[in-house]
Asker: 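Below is a structure I'd like to ask you about.
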Amino acid sequence: MIKITFPDQSVKEFEGGSTPLDIAKALSNSLAKEVLSATFNGNPWDATRPINEDGTLVFHKWDDDEGKHTFRHSAAHLMAEALEQLYPGTKFGIGPALENGFYYDVELPGGKVITDEDFPAIEKKMMEIARQNNPYVRKEVAKADALKDFQTKGDNYKCELISELEDGSITEYTQGGYTDLCRGPHLPSTGYIKAVKITSIAGAYWRGNENNKMLTRVYGVAFPKQKMLDEYLVLLEEAKKRDHRKIGKDMELFAFSARVGQGLPLWLPKGTLVRETLTKFLAKIQRKYGYQQVITPHIGNKDLYVTSGHYAKYGKDSFQPIHTPSEDEEFLLKPMNCPHHCEIYRLKPRSYKDLPLRIAEFGTVYRYEQSGELHGLTRVRSFTQDDAHLFVRPDQIKQEFCNVIDIILYIFKILHFTEYTAQISLRDPDNKEKYIGTDEHWAMAESAIIEAAKEKGLNTTVETGEAAFYGPKLDFMVKDAIGRKWQLGTIQVDYNLPERFDLEFTGADDKKYRPVMIHRAPFGSLERFVAVLIENTAGQFPLWLTPTQAVVLPISDKYNDYANQVATALNDAEYRVEVDDRSEKIGRKIRDNETKHIPFMLVVGEKEAAEGQVSVRKQGKIDLGTMSIEDFKKLIAAEVEKELNPED
RNA sequence: GCCACCGUAGCUCAGUUGGUUAGAGCGGCUGAUUCGUAAUCAGCAGGUCAUGAGUUCGACUCUCAUCGGUGGCUCCA
């Protein structure tokens with residue numbers, strides 16, 4: 001007999017060799033139906049793998065992440081089997097589960113290319129195999145045998161993976177006629193999978209290295225119920241409607257023109273209003289924190305970037321230098337603001353009393369992003385950073401860093417960004433040649449970030465190898481409508497640029513010291529930030545930020561003059577108000593402006609014109625009654641105040 | 001940059017296996033209507049079917065190239 005401890009700490013005895021599925025059955029049949037896999041003594045465990053010793057057991061169902069993961073991973077194997085049957089000779093790379101589904105990287109025989117038209121056949125074959133309800137069978141194999149198995153099949157990618165594994169820890173899983181190298185765990189059998197859909201196809205370099213061969217990556221989703229697949233597809237459609245590229249076009253916030261160039265956004269009047277409002281909002285916060293705003297040119301001498309190290313790192317893949325005709329000088333389109341700000345620091349001797357010196361700029365920069373990477377406003381070639389460089393004494397690093405975290409968290413709170421992750425991006429210690437600077441400086445910079453994040457109680461993840469080439473970062477990541485992660489806010493500790501630009505300050509002891517730089521951008525870039533904001537709000541911006549706060553609706557053309565007077569009075573007071581003076585009925589005007597999500601509609605007719613009032617309708621047909629223009633101003637002001645200064 | 005796919009009016013889309021003057025709704029313009037809280041009526045304009053070559057008696061439809069876009073991969077100071 002074996003003693004099994006469950007998560008609620010209860011202990012029960014079962015026969016030796018019982019599987020998690022057996023145990024679940026003994027507890028309750030309904031539970032057994034839902035168990036997909038398990039964790040035994042902290043190890044991922046198949047639901048059908050016997051247990052021969054005492055230990056703790058956790059069941060995994062569709063409702064938890066591990067259960068979904070098992071399900072999707074098994075679906076990837078199912079798809080692999082289908083592909084092998086449909087295209088014999090297919091070679092397999094890796095096929096993991098993802099957050100929403102799974103993929104498999106394959107090399108198809110004879111240069112076969114899969115297209116959308118092949119998806120139904122693959123899905124059909126997958127369901128055909130699923131219905132056979134073949135068990136996923138686990139087998140421990142010796143390294144030599146595993147190698148032989150896959151060599152015989154000609155699966156060189158699998159052989160490469162096996163050769164890197166340790167003998168004694170290798171397992172294979174077989175379902176039906178398909179065997180794969182796999183750590184598991186897997187579903188008991190293919191019949192658990194009731195609905196599948198191949199979602200897309202993509203090229204993917206083997207092992208993520210662009211020097212390797214490009215394999216075909218087939219993406220899919222799988223569910224235990226058809227209804228779940230249907231719901232998932234509806235959800236996808238909904239997400240598409242929130243896409244900032246679509247909303248940006250509909251609301252006339254921004255546009256692109258092939259004639260202007262790829263990835264070069266044109267900010268339209270309404271988008272510009274949003275952007276300027278955000279800029280003013282942040283500038284005001286930064287003033288409170290002692291930042292000084294500067295403006296620097298859009299180009300800079302190439303030597304500036306040779307000094308900073310950026311040219312050596314990115315020069316070749318950048319917009320190429322601009323040559324002056326007579327002096328034969330070279331200028332770069334400014335790819336970042338830090339060197340310019342370093343030069344501002346250098347303008348005069350700095351005392352320890354001057355620090356921290358906080359130089360801020362809404363600086364537009366230009367980077368030659370690869371064409372395949374461009375994406376709406378989230379990845380562009382011309383963008384404006386809400387940049388600042390804090391030149392600090394070493395003893396001030398932590399306090400300044402924490403202050404920046406406060407600014408970012410405040411912005412996120414005001415804009416209701418709740419779903420972010422704070423990512424500590426460190427240097428890859430195995431790839432030091434990708435970075436500049438000494439080990440000592442890196443160690444100091446990294447620990448400064450880790451400590452500050454800890455002090456602020458941030459829930460952080462750590463990503464090795466994601467640091468900037470001159471220093472580690474704390475990045476605030478947010479997801480867009482289709483689940484892609486983007487870096488918004490970033491804070492970076494940098495010992496290197498002060499060194500390279502030979503920055504100094506005089507200490508109390510009259511000796512020279514090196515300041516440390518903190519690079520930081522709470523929005524990251526206005527472009528990306530607005531994009532994510534659009535997707536978070538589905539284009540319904542808060543009142544303080546929305547480009548049109550109210551629209552005046554004259555009942556008929558007779559009241560257009562009065563409507564214009566109302567709008568002028570409000571616009572003069574710096575509210576953003578328009579007039580809908582089309583010769584339409586009031587019902588039509590209300591409908592159209594409701595669909596445009598205008599927060600307030602001011603209906604004016606004979607009565608209002610005579611009494612100098614407006615009839616206020618809040619979006620969503622809430623009638624706030626008739627009031628004077630002054631009272632309406634107070635109403636908006638109060639609401640904006642509430643948005644910008646939430647209680648708690 | 002690499003792989004796959006896509007490109008018809010301002011927007012959303014239709015357009016049979018290549019075959020007459022490429023259609024619709026919304027939007028726009030003009031006229032009528034002057035209206036009280038989610039769509040007034042009528043008329044009109046708008047397209048070198050992304051661009052350029054080619055195949056063909058004939059190309060929106062087939063082929064190639066270029067440009068732009070979409071989903072990934074790689075990259076992201």
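All chains are named by letter (A, B, ...) in the order of the sequence lines, taking the proteins before the strands, and each is independently numbered beginning at 1. Note: hydrogens, waters and symmetry copies are ignored here, and every other heavy atom, side chains too, is used. Only a predicted model underlies this, so the values are computations on that prediction, with no experimental measurement involved.
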Asker: Sub-3.5 Å donor-acceptor pair from the side chain of Ser308(A) to the main-chain atoms of His310(A), do we have one?
Answerer: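 It does hold such a pair.
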Asker: Check every strand shown and say whether Val113(A) touches a base, only sugar-phosphate, or nothing at a heavy-atom separation below 4.0 Å.
Answerer: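 Since only primed, P, OP1 and OP2 atoms lie under 4.0 Å of Val113(A), the category is sugar-phosphate.
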Asker: Name the nucleic acid region contacted by His519(A), choosing base, sugar-phosphate or nothing; use a 4.0 angstrom heavy-atom cut-off, strictly under.
Answerer: nothing
Asker: What integer distance in Å separates Lys313(A):NZ from rC76(B):C1'?
Answerer: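 After rounding, the gap between these two atoms is 10 Å.
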Asker: Under 3.5 Å, is there an N or O donor on one side and an acceptor on the other linking the side chain of Arg207(A) and the base of rC73(B)?
Answerer: no
Asker: Centre of Tyr311(A)'s six-membered ring, under 6.0 Å away, within 45 degrees of the axis: is that where NZ or CZ of Lys302(A) sits?
Answerer: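 Checked: cation-pi criterion met.
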Asker: For Ile482(A), report the nucleic acid contact type (base, sugar-phosphate, nothing); a contact means any heavy atom under 4.0 Å.
Answerer: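 Sugar-phosphate: the residue Ile482(A), judged by heavy atoms under 4.0 Å, touches backbone atoms but no base.
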Asker: Can you tell me the Watson-Crick or wobble partner of rC35(B), both distances under 3.5 angstrom?
Answerer: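 Paired with no nucleotide.
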Asker: Within the 4.0 Å heavy-atom criterion, would you say Phe256(A) contacts the bases, only the backbone, or no part of the nucleic acid?
Answerer: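 No contact.
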Asker: Answer with yes or no whether Arg367(A) presents, from its side chain, a donor or acceptor under 3.5 Å of a partner atom in the base of rC76(B).
Answerer: no
Asker: Report the base-pairing partner of rU56(B) (Watson-Crick or G-U wobble, both distances below 3.5 angstrom), or none.
Answerer: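 Base-paired to nothing in any strand shown.
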Asker: With a non-hydrogen cut-off below 4.0 angstrom, is Ala204(A) in contact with a base, only sugar-phosphate, or nothing?
Answerer: sugar-phosphate
Asker: Determine whether Tyr435(A) and Tyr470(A) satisfy the following criterion, side-chain contact (heavy atoms from CB on, under 4.5 Å), listing intermediate values before the conclusion.
Answerer: CA-CA 6 Å; Tyr435(A) 310 90; Tyr470(A) 51 75; over 6 Å; no
Asker: Check every strand shown and say whether Arg259(A) touches a base, only sugar-phosphate, or nothing at a heavy-atom separation below 4.0 Å.
Answerer: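 Arg259(A): no heavy atom of the nucleic acid under 4.0 Å.
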Asker: Figure out the CZ/P separation between Arg484(A) and rC75(B), and round it to whole Å.
Answerer: 16 Å
Asker: Is any side-chain nitrogen or oxygen of Lys213(A) closer than 4.0 Å to OP1 or OP2 of rC3(B)?
Answerer: no
Asker: With rounding to the closest Å, how many angstrom separate the C1' atoms on rC11(B) and rG54(B)?
Answerer: 34 Å
Asker: Output yes when a side-chain donor or acceptor of Asp480(A) lies under 3.5 Å from a complementary backbone atom of Gly483(A), and no otherwise.
Answerer: yes
Asker: Which sits closer to the 5' end of RNA chain B, Asp116(A) or Trp486(A), going by the nucleotide each is nearest to?
Answerer: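 In this pair, the answer is Asp116(A).
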Asker: Please classify the nucleic acid contact of Ser200(A) as base, sugar-phosphate, or nothing, using heavy-atom distances under 4.0 Å.
Answerer: sugar-phosphate
Asker: Just call it for Lys596(A): base, sugar-phosphate, or nothing, with non-hydrogen atoms closer than 4.0 Å on any strand.
Answerer: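 Here Lys596(A) touches no strand at all.
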Asker: Go ahead and name the base partner of rA4(B); Watson-Crick or wobble counts if both distances stay under 3.5 Å, otherwise write none.
Answerer: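 Across all strands, the one nucleotide that pairs with rA4(B) is rU70(B).
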Asker: Could you tell me the Watson-Crick or G-U partner of rU30(B), where both distances fall under 3.5 Å? Say none if there is no partner.
Answerer: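 Check on rU30(B): paired to rA42(B), both distances under 3.5 Å.
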Asker: How many Å lie between NZ on Lys240(A) and P on rC6(B), as a whole number?
Answerer: 15 Å
Asker: Over how many whole Å does the gap from Tyr205(A) atom OH to rA4(B) atom C1' extend?
Answerer: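 To the nearest whole Å, that distance equals 13 Å.
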Asker: With stacking defined as ring centroids separated by under 5.5 Å and planes differing by under 30°, is Tyr314(A) stacked against rA77(B)?
Answerer: yes
Asker: Could you tell me which nucleotide pairs with rG18(B) by Watson-Crick or G-U wobble geometry, both distances under 3.5 Å, or answer none if nothing does?
Answerer: none
Asker: Could you report the tightest heavy-atom contact between Thr490(A) and Ile408(A), atom names first, then the distance?
Answerer: N-CD1, 4.4 Å
Asker: Compute both the distance and the angle, then confirm whether Arg381(A) meets the cation-pi test with Tyr368(A): under 6.0 Å from the six-membered ring centre, within 45 degrees of the axis.
Answerer: yes
Asker: With a 3.5 Å distance limit and no angle check, can you tell me whether Arg72(A) reaches the backbone of Ala97(A) through a side-chain donor-acceptor pair?
Answerer: no
Asker: Checking Lys589(A) side chain against Pro554(A) main chain: does a donor-acceptor pair fall under 3.5 Å?
Answerer: yes
Asker: Do nucleotides 30-41 of chain B as a string where each nucleotide becomes B, S or -: B if the base has a protein heavy atom under 4.0 Å, S if just the sugar-phosphate does, - if no protein is that close.
Answerer: ---BBBBBBBB-
Asker: For Pro335(A) and for Arg582(A), locate the closest nucleotide of RNA chain B by heavy-atom distance; then report the residue assigned to the nucleotide nearer the 5' terminus.
Answerer: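 Counting from the 5' end, the first nearest nucleotide belongs to Arg582(A).
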Asker: Give none if rG25(B) has no partner; otherwise give the nucleotide forming a Watson-Crick or G-U wobble pair with it, both distances under 3.5 Å.
Answerer: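 Answer to the pairing question: rC11(B), which forms a Watson-Crick or G-U pair with rG25(B).
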Asker: According to the Watson-Crick and G-U wobble definitions, with both distances under 3.5 Å, which nucleotide is paired to rU61(B)?
Answerer: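 Looking at the geometry, rU61(B) pairs with no nucleotide.
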